[in-house]
Amino acid sequence: MANAKAKIHDLIQMLPEKDRAQWNVKNDLCTSARQLSTFSSDLKDTLGITKEKKSVFNDLVSEITASSLNPDKLELGSLAASILSDPLRGVPASPSMLSHHIVPNLLTKEIVKNPTTVGLDLDAVYQDAGLLNITGKPPPGHLPLPDKQSSKLYNNFKNNLESVLALDGKPLRYLQPHTILKVERLLKEHAELQEKMKKQQAKEKSKTKVDVGALKVEVVVNPGALQKAVFTALENVRVGNDAKSVFKKALFMALTPGANVSNNVVPDNAKVAKLYEVVKRSAVSKHKTYGNHAWHFFYEKALEHSGKVFCSNVSSRLGGANSEAGPFTEKIIGIDPGIASGFKLCILKTTKDTSYLETINLKSLKNGLGVIDYKGSKNKAAEQVKAIFSETGLDNIDVVVGEGTGCEEVIQFVEGCLPPKTVNWKRISEDGASVYSTTDAAMEEYKKSNPGAGDVHPSWLGALSICRRYVSPLSELIKIPPQNLGLGLYQHDSKDGVLKVNLDRVVVDTVAERGVYVNYEPESLLKYIPGFSKKILQAVLDARPFETRKDMMKMTKGMGPKTYENCVAFCMIDGKESLDSTRVHPEDYKIAQAVKKAQKSDAEIAEKYSVDISKINEVKALLQPKITKNQGEECISSSQGIELPAKYRDKKKLSSLPTTLLGIRGKVSNMVDFGCFVDFGISGVSGLLHRSQLGRDGFEGLTVGGVVVVDVVSVDAERGRVGLRRNYGESQGGKNSNNYNNGKRSNEERADNGGGAKKKIK
């Protein structure tokens, strides 16, 4: 503290003598390092000392600033006289030196620091006229990578670097959101790869620096646009004629630090030369800051757009998340496919109460969960499978299998162990199942649903999650972390909190539109019912099952008439009253019954119950079975297209997939700006239906979960990518002799992917 105070005391001596006493008193009163640090910063600000500490002229900044704030009063003659009158400043005794070199530099520094003083908004200039300046080099062909994650980062950087470098010189404001997100993702992944290699190097105590390539992205503005800003500032700020040339020089130095300024001859004076160097370096650094601001501005906008895409896709996914099993299926088997450690298997039973989460305890499958190691001993695994299916007591059972790696192998193995037509296979997306299964919430839910059950391996719960998606998909999907749903545009780069808020909003809307069965849906879904507080939710959980909606108010502690009125239409019950299982409010049951009898016209019913005809239409709509857009499309399209032949469904044999297949039926798994991804029959591989291959209807009629008929146009087995185009009725399963551009990508597609032809900007 004493040493620090002594250094600050030396700085105080640079102040005018009349001000030193009060600063010395403040210095003495500092009793902590934090106070001393704050006091030191204030003192340096007053002295005009920055981190650079480069020049004896920095203490002139405050005086020049005071004058430049009132440009009408900026008179270089009187300013020169006041500065030169103080011999301690060390300024060369020359008014010409002052007006031609010192003052312009100090003005330059202030303009760069606070351009709004002269009516300039450099952030807006960079956002409007910013260009990408991208440099980089690919990594070497082979690197000693420490783990699979590093290998993935390395391959992704190597494969995408060329397309990102092709964006060099592109106007920032015209870049598509997905392109900005792609560049930012690559920057982050490259930084992560560098960090991993540094740790590996430190671990091995190696002094040889590992080259992992390079990537640098900056935003710059052409000198022409900046010079235009100079003249804008000259128009905005009035200065005296004697100062105009000086002010113009300062503006050029501030806005175009890399360009040559007329009459910018540095005098043969070491101190003034140093001043030029410091100010130029400061201006260049500040312009980089404005470039960074512009990049982050558009990156945030891209993330905002990504959130909207996520909401749209989640809404389609949840809106089409209808139970295929129905809520009351006797027994269901769920399988989480795997190769290295075997496949995980579980058995559920569902009834008209809250026990649909309960697993069945079999002799051959303790607690209803287990793993079948069919890669170890196939005979033993086959005996396990036979015993499990035999104990279910069903001749024809629904088996839900996740559409992940090993899906087809598991299906072939199980079918080989059982008599024909024993199994009804139901493939279902397993996005996020492995993530959720390893959480404490998943284990807690399992134990709550299966009292007395011991601990199980977390990975086994993945099969349970997949199985429950078949029974109650909406309640299961909302448990998955939103970034792992496989929906959206670079959703992994969004903040978790933002995605969760978006997901919650969509779930509330979906629940309000569709309603939920309160007798058996889990707490995780019931909490989204509009009008349910935490207290009411717990009371409903304690009181259920209910036989009718009226029982809800009678049996639920704390539910009064008003709460009941607000929430009852969203609560469906499969019981005595058939209308309780619809979204019709009990207040409208008489109208609904009259509509169902169809003995009177809508106008007569409206007149009888003194309601508007729109009320009759509303009730009629609520009485109709809820058919989502996806279901409607599937009904229309199920007869169109063919399933991918079984011989092509193995991901390991992707290279054998011919680009001559027409009319393959698939399901849209995700929709983004540049197209949509389609699951067309190969587990773990989604084909890209690029927007340039959508044909005459574009995105019309496509939603997440909807059916689409496609042709295979390109296969990149090394990167696991398949290119598709939309089929409008061409021959199914035949040769693809009509590929657009003879299999070549269009200019639009290349531009969207960042490489090749430049996209025209209107």
Is [X] reaching over with its side chain to a backbone N or O of [Y], donor-acceptor style, under 3.5 angstrom?
X	Y	result
Arg544	Val518	yes
Asn313	Asn670	no
Asn156	Lys152	no
Arg649	Leu644	yes

Could you walk me through whether Val414 and Trp425 satisfy the side chain to side chain contact (heavy atoms under 4.5 Å, CB included) test, starting with their C-alpha distance in whole Å, then the side-chain angles of each, then the deciding distance to 0.1 Å, before giving a yes or no?
CA-CA 11 Å; Val414 172; Trp425 290 105; 3.8 Å; yes

With Thr582 via side-chain hydrogen bond (donor to acceptor under 3.5 Å, both in side chains) - residues at least two apart
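Counting only residues at least two positions away or on another chain, Thr582 forms no side-chain hydrogen bond (donor to acceptor under 3.5 Å, both in side chains).
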
Residue list, side-chain hydrogen bond (donor to acceptor under 3.5 Å, both in side chains) with Lys148, at least two apart or on another chain
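With neighbours one apart ignored, the set is empty.
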
If you take all heavy atoms of [X] and [Y], which pair is closest and at what distance?
X	Y	result
Pro530	Val511	CD-CG1, 4.3 Å
Pro482	Leu503	CB-CD2, 4.1 Å
Gly558	Ile536	O-CD1, 3.4 Å
Asp679	Ser669	OD2-CB, 3.5 Å
Asn502	Cys311	CB-SG, 3.3 Å
Pro177	Ala302	O-CB, 3.7 Å

For Phe157, check ring-ring contact (aromatic ring centres under 6.0 Å, His included) against everything at least two apart and list the hits.
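Here the qualifying residues are His190.
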
Roughly how far, to the nearest 0.5 Å, is [atom2] of [Y] from [atom1] of [X]?
X	Y	atom1	atom2	result
Arg665	Glu643	CZ	CD	5.5 Å
Phe570	Phe532	CZ	CZ	10.5 Å
Lys651	Ile682	NZ	CD1	10.0 Å
Ile478	Ser524	CD1	OG	4.5 Å
Ile529	Cys567	CD1	SG	7.0 Å
Leu526	Cys571	CG	SG	8.0 Å

Can you check whether [X] reaches [Y] side chain to side chain, under 4.5 Å on heavy atoms?
X	Y	value
Ser312	Met671	no
His690	Leu724	no
Phe677	Leu689	no
Leu153	Lys196	yes
Val401	Lys426	no
Val399	Ile411	no
Leu345	Gln384	no
Ser306	Leu181	yes

Taking side chain to side chain contact (heavy atoms under 4.5 Å, CB included) as the definition, give me every residue that meets it alongside [X], ordered by chain and number, with sequence neighbours left out.
X	result
Ala592	Leu579, Val584, Val619, Leu623
Gln538	Leu541, Asp542
Asp509	Arg505
Thr510	Leu318, Leu474, Val506, Arg514

Less than 4.0 Å between a side-chain N and a carboxylate O, is that true for Glu476 and Arg468?
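Between Glu476 and Arg468 there is a salt bridge, with a charged N closer than 4.0 Å to a carboxylate O.
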
A quick test of your reading: do over 12 heavy atoms of other residues, nucleotides or ligands sit less than 6.0 Å from [atom1] of [X]?
X	atom1	value
Asp440	CG	no
Gln149	CD	yes
Lys188	NZ	yes

Side chains of [Y] and [X]: any donor to acceptor distance under 3.5 Å?
X	Y	value
Tyr470	Asp398	yes
Thr548	Asp580	no
Asn155	Asn159	no

Go through the steps to decide whether Lys667 and Val708 satisfy the test side chain to side chain contact (heavy atoms under 4.5 Å, CB included), and finish with yes or no.
CA-CA 6 Å; Lys667 184 174 284 189; Val708 63; over 6 Å; no

Mind checking what makes salt bridge (charged side-chain N to carboxylate O under 4.0 Å, His left out) contact with [X], not counting sequence neighbours?
X	answer
Asp588	Lys615
Lys527	none
Glu415	none
Arg583	none

Set out, in order, the CA-CA distance, both residues' side-chain angles and the distance that settles side chain to side chain donor-acceptor pair (under 3.5 Å) for Tyr528 and Asp504, then state yes or no.
CA-CA 8 Å; Tyr528 289 101; Asp504 287 350; 2.7 Å; yes

Criterion side chain to side chain contact (heavy atoms under 4.5 Å, CB included) on Ile573 and Glu547, from CA distance to verdict:
CA-CA 7 Å; Ile573 295 172; Glu547 292 189 359; over 6 Å; no

Please assess Met553 against Val568 for the test side chain to side chain contact (heavy atoms under 4.5 Å, CB included), listing each intermediate value before the final yes or no.
CA-CA 9 Å; Met553 189 164 64; Val568 67; over 6 Å; no

For residues 553-569, which residue pairs qualify under side-chain hydrogen bond (donor to acceptor under 3.5 Å, both in side chains), counting only residues two or more places apart or in two chains?
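Found none.
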
